[in-house]
Enquirer: 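Below is a structure I'd like to ask you about.
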Amino acid sequence: MTAFALSDGNSFYCSCERVFDPKLEKRPVIVLSNNDGCAVARTSEAKALGIKMGQPYFQIKDLCRQEGVVALSSNYALYGDMSRRMNVVYNRFSPETEVYSIDETFLDVEHVPRKDRTAWASELRATTCQWTGIPTCVGIGPTKTLAKLANKAAKTLATGVLDLTDPDEQARVMADFPIGDVWGIGRANQAKLLALDIQFAGQLRDMEPKKARGIMTVVGEKIVHELNGRSCMDLESVAPQRQGCAVTRSFGQRVTSRIEMEQAVAGYATRLGEKLRRHGLATDYVTVFMHTSPFNDDEPQRNVSMTVDIPEATNDTMQLIKAARRAVEGLWKSGYRYSKAGIVTQDLVPPGLAQRSLFDGLDHDRAAKVMAAMDEANRRWGRATVVPAAVGIASRSPFTTKFEMRSPRYTTRWDELPVCR
DNA sequence: TCGAATCAG
DNA sequence: ATTTCTGATTCGA
């Protein structure tokens, strides 16, 4: 019988901040998305004040001031490193794990005898907290969907652990488990199910799989099977090759000039190149898009994209910038206040797969060396230490993403190490 | 085969 | 004035 555990960090981004700043303990804390746009992580104290997931910061600024809520810009370098540390712990507790997201990991627990699973999970939790400072919850079940459900239910328990190996226990919890909290049931499907008076996980478990398929496609059919303890999803311990790669961002301020747009998109192309090289992949086309803010619908709207082919698959930043610039040239129209742009690519291939002609072989090698040197400099001294001239002086640009309240990158930058005294 | 819809975190 | 970002999957035209 398959058995999975799901461990996830409580209010993960906020907990990371608390590890390095004990003053945040017991206080309401929120972490904001890019551009300090909206709340993407909240401590229980912040949730109690009524701050919703994804709520725009400007709507709650006053509340935060009144109630002493600490609002922080997101610090992904810190969160990524803390996530890595947690997985080091997990790998000592299970021979096989699947990193599902920055704060969630599935662990294979077939090797743990049923009667020991709760104790095993408690120890996992205690060790994770001791080694990383991050509090977690752990759910266990015979399928991934039930492990997710158990994890969610564990959040309301003082122990932070719930084992749903036993079908009677599953039934007890599912009887009043809200349908919208089931993994894979989003807003649209929740509405469809509620219209059929299906309010709780237990009701969905008892639905005919074919009927679920009719309502929610094959995804819904799988969910029904999984709620019944029939596992349809394996642990994916090796991450599947990524299929696409994108760099998209809202601007700190609206962009109205072509020069700014070109620099912004050149910056995204630069980042795209870094990502591709890190994964050892390449692409032979890029799609660039730009649009105005749909939230300012009294203004003239524009939403366009263009795909530009690259002669052969590459991850060379200069080639990506060249293609991206061609797209901006084709798309640009002034008179609009652009709020967001991005560069997207699909169909990634290993580099060097493409035919390489005798004549430009040397150019390829030279370009690869330049990119390698740039990556190394940026790795050593921080992102954007060296950038192509087309990107401009990023720190002065009006479109640069805002991070006005970012905490130090405690664990990944020597010059931002915490100081003890 | 491509875009839209859906979902997740 | 302010409303994340990235990636995957599925379906139907």
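A note on names: the letters A, B, ... follow the listed sequences, proteins ahead of strands, and every chain is numbered from 1. No experiment lies behind these values; they were computed from the predicted model shown.
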Enquirer: Determine the contact category for A:Leu32: base if any of its heavy atoms lies under 4.0 Å from a base atom, sugar-phosphate if only primed atoms, P, OP1 or OP2 are that close, otherwise nothing.
Expert: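 A:Leu32: no heavy atom of the nucleic acid under 4.0 Å.
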Enquirer: OP1 or OP2 of B:dA5 less than 4.0 angstrom from a side-chain nitrogen or oxygen of A:Asn189, does that happen here?
Expert: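 No, A:Asn189 has no side-chain N/O under 4.0 Å of OP1/OP2 on B:dA5.
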Enquirer: Side chain of A:Trp183 only, heavy atoms from C-beta on: which candidate in C:dT4, B:dA8, C:dT6 is closest?
Expert: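 Ranking C:dT4, B:dA8, C:dT6 by closest atom to the A:Trp183 side chain puts B:dA8 first.
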Enquirer: Given B:dG9, C:dT2, C:dG7, which nucleotide is nearest the side-chain atoms of A:Phe58?
Expert: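 Nucleotide nearest to A:Phe58's side chain: C:dT2.
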Enquirer: Under 4.0 Å: is that the gap between some side-chain N or O of A:Arg254 and OP1 or OP2 of C:dT2?
Expert: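 Yes, within the criterion.
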Enquirer: At 4.0 Å (heavy atoms only), tell me whether A:Glu104 reaches a base, stays on the sugar-phosphate, or touches nothing.
Expert: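 A:Glu104: backbone/sugar contact only, no base atoms under 4.0 Å.
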Enquirer: Quick check: A:Phe106 with A:Trp183 (ring centres under 6.0 Å apart)?
Expert: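 So the answer is yes for these two rings.
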Enquirer: Quick check on DNA chain C: between A:Gly244 and A:Thr217, whose nearest nucleotide comes earlier from the 5' end?
Expert: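 The 5'-side residue here is A:Gly244.
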Enquirer: Do the side-chain N or O atoms of A:Ser74 get closer than 4.0 angstrom to the phosphate oxygens (OP1, OP2) of C:dT4?
Expert: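 For C:dT4, OP1/OP2 do not have a side-chain N/O of A:Ser74 under 4.0 Å.
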Enquirer: The side chain of A:Arg187 lies closest to which of these nucleotides: B:dC7, C:dT3, B:dG9?
Expert: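 In terms of side-chain proximity for A:Arg187, the closest of B:dC7, C:dT3, B:dG9 is B:dC7.
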Enquirer: Taking the side chain of A:Ser250 as heavy atoms from C-beta outward, which of C:dT3, C:dC5, C:dT2 is closest to it?
Expert: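 Of all the options, the side chain of A:Ser250 is nearest to C:dC5.
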Enquirer: At what distance, to the nearest 0.5 angstrom, does CD of A:Glu96 lie from CG of A:Asp234?
Expert: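 Nearest 0.5 Å value for the CD-CG distance: 10.0 Å.
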Enquirer: Reckon A:Arg249 has a side-chain N or O less than 4.0 Å from the OP1 or OP2 of C:dT6?
Expert: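 Result: yes.
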Enquirer: State yes or no: are the ring centers of A:Tyr79 and A:Tyr13 separated by less than 6.0 Å?
Expert: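 Yes, the ring of A:Tyr79 comes within the 6.0 Å limit of the ring of A:Tyr13, centre to centre.
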Enquirer: Nearest whole Å is fine: how far is C:dT9 C1' from A:Met233 CE?
Expert: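 Spelled out: CE on A:Met233 to C1' on C:dT9 is 13 Å.
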Enquirer: In whole angstrom, what separates A:Ile215's CD1 from C:dT10's P?
Expert: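 Result: 18 Å.
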Enquirer: Starting at atom CG of A:Asp8, determine the distance to atom P of B:dA8, rounded to an integer number of angstrom.
Expert: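 Distance, rounded to whole Å: 15 Å.
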Enquirer: At under 4.0 Å, does any side-chain N or O of A:Lys222 touch on OP1 or OP2 of C:dT9?
Expert: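 So the side chain of A:Lys222 is outside the cut-off, no N or O lying under 4.0 Å from OP1 or OP2 of C:dT9.
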Enquirer: Rounded to the nearest angstrom, tell me the gap between atom NZ in A:Lys148 and atom P in B:dC7.
Expert: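 Atom-to-atom, A:Lys148 to B:dC7, this comes out as 15 Å.
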Enquirer: Nearest whole angstrom, please: distance from the P of C:dT3 to the CE of A:Met53.
Expert: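 Taking CE of A:Met53 and P of C:dT3, I get 17 Å after rounding.
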Enquirer: How would you label the contact of A:Val344 with the nucleic acid (heavy atoms, under 4.0 Å): base, sugar-phosphate, or nothing?
Expert: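 The answer is nothing, as A:Val344 stays clear of every strand by at least 4.0 Å.
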Enquirer: Checking contacts here: which listed nucleotide (C:dT10, B:dC7, C:dC5) is nearest the side-chain heavy atoms of A:Ala188?
Expert: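 Between C:dT10, B:dC7, C:dC5, the one nearest the side chain of A:Ala188 would be B:dC7.
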Enquirer: Roughly, in whole Å, what's the span from CE in A:Met216 to P in B:dA5?
Expert: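 Rounding to the nearest Å, CE of A:Met216 and P of B:dA5 are 20 Å apart.
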Enquirer: To the nearest Å, give me how far apart OH (A:Tyr100) and C1' (C:dG7) are.
Expert: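 Between C1' of C:dG7 and OH of A:Tyr100: 11 Å.
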Enquirer: Can you see if the side chain of A:Gln243 gets near the phosphate of C:dT9 - specifically, an N or O under 4.0 Å from OP1 or OP2?
Expert: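 Yes, A:Gln243 has a side-chain N/O under 4.0 Å of OP1/OP2 on C:dT9.
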Enquirer: Would you tell me if any nitrogen or oxygen in the side chain of A:Ser33 comes within less than 4.0 Å of OP1 or OP2 on C:dT3?
Expert: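 A:Ser33 to C:dT3 OP1/OP2: no side-chain N or O under 4.0 Å.
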Enquirer: Roughly how many Å apart are C:dT3 and B:dA8, using the P atom of each and rounding to a whole number?
Expert: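 My reading of the P atoms in B:dA8 and C:dT3 gives 24 Å.
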Enquirer: Rounded to whole Å, please give me the gap between NZ in A:Lys192 and C1' in C:dT10.
Expert: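 One finds 12 Å between C1' of C:dT10 and NZ of A:Lys192, rounded.
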Enquirer: Could you pick out which residue, A:Gln346 or A:Val218, lies toward the 5' side of DNA chain C when each is mapped onto its nearest nucleotide?
Expert: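 Nearer the 5' end of the strand: A:Gln346.
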Enquirer: Which of these, A:Lys210, A:Arg230, A:Lys211, sits in a salt bridge (charged side-chain N to carboxylate O under 4.0 Å, His left out) with A:Glu221?
Expert: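 That would be A:Lys210; it is the only one of A:Lys210, A:Arg230, A:Lys211 passing the salt bridge (charged side-chain N to carboxylate O under 4.0 Å, His left out) with A:Glu221.
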Enquirer: Would A:Leu162 and A:Leu157 satisfy side-chain contact (heavy atoms from CB on, under 4.5 Å), going step by step from the backbone distance to the final call?
Expert: CA-CA 8 Å; A:Leu162 182 60; A:Leu157 306 177; 4.1 Å; yes
Enquirer: For the side chain to side chain donor-acceptor pair (under 3.5 Å) test, which of A:Arg254, A:Glu299, A:Gln301 pairs with A:Thr292?
Expert: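 For A:Thr292, the side chain to side chain donor-acceptor pair (under 3.5 Å) test succeeds with only one of A:Arg254, A:Glu299, A:Gln301, which is A:Gln301.
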